Amino acid sequence: MSTTSQPSPGLSMEPPRIYVERTLALIKPDVLHKAEEIEDIICRSGFHIVRKRKVHLSPEQCSDFYSEQYGKMFFPSLTAYMSSGPIIALELARHNAIATWTELMGPSNSLKAKETHPDSLRAIYGTDDLRNAVHGSYCFTSAEQEIRFMFPDVTIEPVPTGNAASDYLSLFVNPTLLTGLTELCKQKPADPLTWLADWLLKHNPNRPDIQGKAIETLDC
């Protein structure tokens with residue numbers, strides 16, 4: 001006999017929040033003049049720019065940021081290049097932000113990117129393995145660390161798991177989804193997935209809340 005998970009007795013639920021994955025993007029010194037074009041591509045790829053900062057890092061700061069690369073032959077060239085001029089740091093948010101941004105950037109070597117991923121940012125704006133136009137976090141942990149490095153005041157909320165996730169879904173997602181699926185069965189549209197997506201957009205009572213200072217949020 002199947003049972004539906006119910007909120008824990010006496011549980012006081014916070015206002016609904018939809019947690020959106022975030023990642024860090026850097027626009028490197030030699031393509032700073034192309035920043036507006038790159039940001040436009042980012043926005044058209046479904047990203048939300050949560051924070052933006054133009055900064056000129058010192059060689060010491062670059063060494064700290066790329067500490068995982070310490071000891072590698074290219075490390076001195078990397079820190080010298082990244083401290084050679086201003087960069088733009090962007091905190092990006094969307095579903096599957098890390099994987100999507102990695103795909104949009106393309107291979108780290110721009111010469112290879114031009115052959116295998118000609119539409120990627122590194123193929124379009126990069127010149128070689130070092131001057132490859134953009135940087136991105138490679139996993140969730142590095143994204144957290146790098147966002148905090150570039151935006152020290154940021155607070156990254158944890159994604160609900162276990163009972164908290166079940167309670168959240170039961171209270172704030174399942175009722176709306178069930179109503180939408182019921183209406184879908186009544187309407188029987190030719191393209192049910194697109195119809196349901198449009199319906200959820202129009203009837204969503206829980207607007208995404210990308211945590212952070214609203215005053216710093218930038219519209220694409």
Side-chain angles (χ1 to χ4, degrees), residues 1-25 38-52 90-106 117 119-121 136-144 146-147 151 154-220:
M1 179 178 177
S2 62
T3 58
T4 303
S5 175
Q6 296 296 328
S8 303
L11 180 65
S12 177
M13 297 297 294
E14 295 183 359
R17 295 175 179 176
I18 297 176
Y19 296 91
V20 182
E21 186 173 285
R22 292 191 259 181
T23 191
L24 182 81
I38 294 173
E39 289 176 33
D40 182 61
I41 293 172
I42 289 171
C43 290
R44 286 191 282 108
S45 299
F47 286 96
H48 183 83
I49 299 177
V50 182
R51 287 178 178 81
K52 176 179 175 180
L90 302 168
E91 182 186 348
L92 305 180
R94 62 155 285 165
H95 177 63
N96 286 335
I98 296 170
T100 305
W101 176 236
T102 298
E103 182 179 357
L104 185 60
M105 287 191 297
H117 297 72
D119 296 326
S120 67
L121 292 174
S137 308
Y138 66 88
C139 68
F140 183 78
T141 301
S142 70
E144 281 192 330
E146 293 179 355
I147 290 171
F151 304 97
V154 71
T155 300
I156 300 178
E157 298 286 347
V159 176
T161 59
N163 290 336
S166 297
D167 290 342
Y168 176 84
L169 292 172
S170 296
L171 285 176
F172 302 121
V173 177
N174 294 347
T176 301
L177 184 58
L178 181 60
T179 303
L181 290 172
T182 301
E183 191 63 25
L184 174 67
C185 293
K186 292 178 180 178
Q187 298 293 331
K188 296 182 175 59
D191 186 349
L193 291 179
T194 301
W195 185 94
L196 181 60
D198 290 339
W199 188 94
L200 289 171
L201 283 174
K202 292 176 183 177
H203 298 84
N204 177 16
N206 308 321
R207 298 296 179 184
D209 181 14
I210 300 173
Q211 295 300 294
K213 294 183 179 178
I215 195 171
E216 296 179 6
T217 300
L218 304 176
D219 292 327
C220 291

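Bear in mind that the values here come from a model prediction, so they are computed numbers and not experimental data. Numbering of residues begins at 1 and proceeds along the displayed sequence.
Nearest heavy-atom pair across S137 and A143 is OG-CA, 3.3 Å. Across all non-hydrogen atoms, the minimal contact from V50 to A93 is CG2-CB, 3.7 Å. Taking every heavy atom of both residues into account, F151 and R51 meet most closely at CE2-CB, 3.6 Å. Minimum heavy-atom separation, A97 to T23: O-CG2, 4.0 Å.
Counting heavy atoms from C-beta outward, L92 and W101 have side chains that approach closer than 4.5 Å. Side chains of T179 and T182 form no contact here, defined as non-hydrogen atoms less than 4.5 Å apart. Inter-residue side-chain proximity for E183 and H203 is flagged as unmet; no heavy-atom pair is nearer than 4.5 Å. No side-chain heavy atom of C139 sits under 4.5 Å from any side-chain heavy atom of I98.
The structure places CD of E91 at 11.0 Å from CD1 of I49, a figure rounded to the nearest 0.5 Å. Between atom OG of residue S45 and atom CG of residue D40 there is a gap of 9.0 Å, rounded to the nearest 0.5 Å. The CZ atom of R22 sits 14.5 Å away from the CD atom of E146 when rounded to the nearest 0.5 Å. Between M105 atom CE and H117 atom NE2 the span is 11.5 Å, to the nearest 0.5 Å. To the nearest 0.5 angstrom, E39 atom CD is 5.0 Å from L90 atom CG.
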Next item on the list: Would you please test T176 and W199 for side chain to side chain contact (heavy atoms under 4.5 Å, CB included) and show each step?
Entry: CA-CA 10 Å; T176 301; W199 188 94; 4.0 Å; yes
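Applying the salt bridge (Lys or Arg N to Asp or Glu O under 4.0 Å) criterion to D198, with sequence neighbours excluded, gives no partner residue. For T100, the side chain to side chain contact (heavy atoms under 4.5 Å, CB included) partners two or more places apart in sequence, or in a different chain, are F47, R94, N96. Contacts of D119 classified as side chain to side chain donor-acceptor pair (under 3.5 Å), with partners at least two apart in sequence or in another chain: none.
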